[in-house]
Amino acid sequence: MSEETKNQETEVNQEEMDQFVSLKKGDTVKGSIVKLEDNQAYVSIGYKYDGVIPIRELSSVHLDNASDAVQVGQEVECKVVSIDDEKEKLVLSKRAIDSENAWEELEKHFEAQDVLEVTVADVVKGGLVADVGVRGFIPASMVERHFVEDFSDYKGRTLRVKVKEIDRENNKVILSAKEVLEEEFESNKQKVMSELQEGQELEGTVQRLTQFGAFVDVGGVDGLVHVSELAWNHVEKPADVVSEGDKVKVKVLKVDPEKGKISLSMKAAQPGPWDSAAEKFNTGDVVTGEVKRLVTFGAFVELAPGVEGLVHISQISHKHIGTPQEVLKEGQEVQVKILDINTAEKRVSLSIKETEEAPAAAPRQERPAKSSSNHKDELKDNPNVSLSNQGLSITLGERFGDKLSKFK
């Protein structure tokens with residue numbers, strides 16, 4: 001071996017020895033992952049033996065496997081936790097370096113209130129956990145704009161979040177995905193509302209139902225279809241007409257950007273019942289209808305969904321009735337005759353009695369002739385009547401004689 005070669009080996013050994021001597025607990029080193037096991041990763045840092053990163057030192061969050069945090073060949077920066085050359089045991093921590101670097105970045109994000117992407121590492125009681133160099137917690141109430149009952153399928157998802165709270169002393173970081181979604185929703189809402197026009201017809205998706213109507217998504221913004229605007233016929237509850245997820249055609253009734261409200265109508269986007277009423281019904285037709293409402297002056301009968309006519313109380317029955325309730329009840333099916341129809345004014349006059357045959361008149365009973373004896377009995381007690389012709393003339397002469405003499 002030449003003298004030059006010996007000198008080179010001496011220099012290399014001296015460099016290695018210098019590294020061996022200088023490596024101590026707390027040092028920061030860089031290396032690459034050379035091997036993975038379930039609960040640890042091996043790192044080559046150019047030392048005489050490889051360092052080991054236990055799974056608990058790979059990440060600030062719980063891991064099921066070391067491969068969830070790093071891959072073979074990946075460059076990593078670690079801190080020396082302990083070193084034992086006799087046992088050739090070098091323990092490193094990736095988590096310690098990540099944490100130191102993370103706090104500075106998190107503080108910048110918190111000050112700027114900008115958006116960062118995180119991957120959900122675990123689902124825990126009360127929310128989600130993400131690795132942001134330190135353990136970041138997303139409370140359940142800050143995950144979505146809507147209530148979520150089960151978060152089991154959120155593990156592994158990428159979420160866009162903002163840093164809502166940061167406490168380095170207590171190692172606490174609170175994140176919010178909901179705030180990002182709310183801001184995006186409001187921005188999109190204003191854009192959509194500025195483009196909507198009253199009278200415009202478009203397709204939407206039913207998002208949710210309430211007692212007073214249905215909320216329909218029209219381009220990422222929800223508008224309300226009031227229960228009275230769901231159909232031309234009377235609707236008791238929205239679920240009778242639509243279901244969540246249904247695709248429906250709606251017409252824009254009103255847009256209020258200041259209040260952020262959109263009023264929609266499903267029935268206005270459909271042909272009105274009166275539009276076809278003129279073709280379906282004619283004066284003189286006898287049709288079947290349903291009694292919808294009873295009022296003091298008559299009954300409203302539905303001929304078709306959204307088309308009602310009035311049967312005046314005088315047209316309900318051939319016999320005299322005091323109230324419609326005497327012969328009709330709501331929900332009853334009846335035969336009616338169309339007396340008059342005016343589709344322009346949306347009025348129909350109906351008659352029930354004209355669909356029925358009038359009852360035959362009862363035979364008139366003759367009054368029995370009164371006997372003369374009975375007639376006399378009625379008159380005998382009258383002081384102004386005498387039963388004899390003679391008495392009658394005398395009585396009249398006595399009563400009017402004096403007055404008649406004046407005219408002689």
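Positions are given from 1 along the sequence.
Within the 3.5 Å criterion, the main-chain N or O of Thr343 finds no donor-acceptor partner in the side chain of Trp274. Under a 3.5 Å cut-off, the side chain of Ser99 and the backbone N or O of Ala96 do not form any donor-acceptor pair. Remark: side-chain polar atoms of Lys162 are paired, donor with acceptor, to backbone N or O of Gln113 under 3.5 angstrom. At distances below 3.5 Å, at least one donor-acceptor pair connects side-chain atoms of Asp217 with backbone N or O atoms of Gly219. For Glu326 (side chain) and Thr323 (main-chain N/O), a donor-acceptor pair under 3.5 Å exists by modelled atom type. Side chain of Asp246 to backbone of Val248: no donor-acceptor contact under 3.5 angstrom is found. Checking side-chain atoms of Lys353 against main-chain N and O of Ser314 turns up a donor-acceptor pair under 3.5 Å. Counting only distance, with no hydrogens or angles, the side chain of Lys267 and the backbone of Ser228 share a donor-acceptor pair below 3.5 Å. At least one donor-acceptor pair under 3.5 Å links the side chain of Gln332 to the backbone N or O of Lys329. Looking at Thr355, its side chain does come within 3.5 Å of a backbone N or O of Ile352 through a donor-acceptor pair.
Salt-bridge check for Arg95 with Asp98: failed, with every basic side-chain N at 4.0 Å or more from each acidic carboxylate O. Here Glu179 pairs with Lys164 in a salt bridge; the nearest charged N to carboxylate O distance falls below 4.0 Å. Ion pairing between a basic and an acidic side chain is recognised when a charged N comes within 4.0 Å of a carboxylate O; Glu75 and Lys30 show no such pairing. In this structure, Glu105 pairs ionically with Lys108, as a charged nitrogen and a carboxylate oxygen lie closer than 4.0 Å. A salt bridge between Lys172 and Glu165 is present, with a side-chain N of the basic residue lying under 4.0 Å from a carboxylate O of the acidic one.
Under 3.5 Å, the side chains of Gln71 and Gln74 contain no donor-acceptor pair of N or O atoms. Donor-acceptor pairing under 3.5 Å is lacking for the side chains of Thr28 and Lys79. Residues Ser60 and Asp131 bring a donor and an acceptor atom of their side chains to less than 3.5 Å of each other.
Leu175 and Gly136 get closest at one heavy-atom pair: CD1-CA, 4.2 Å. Between Val61 and Ala121, the shortest heavy-atom contact is CG2-CB, 3.5 Å. Gly51 and Leu92 make their closest contact through CA-CD1, 4.0 Å (heavy atoms, listed as atom of the first residue, atom of the second, distance). Shortest non-hydrogen contact noted between Trp103 and Asp167 is CH2-O, 3.8 Å.
In this structure, the side chains of Gln315 and Glu354 come closer than 4.5 Å at one or more pairs of heavy atoms.
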### Message
Assess the residue pair Leu264 and Glu229 against the criterion (side-chain contact (heavy atoms from CB on, under 4.5 Å)); give the C-alpha distance rounded to whole Å, side-chain angles, the decisive distance to 0.1 Å, and a yes or no.
### Response
CA-CA 8 Å; Leu264 305 171; Glu229 293 294 333; over 6 Å; no

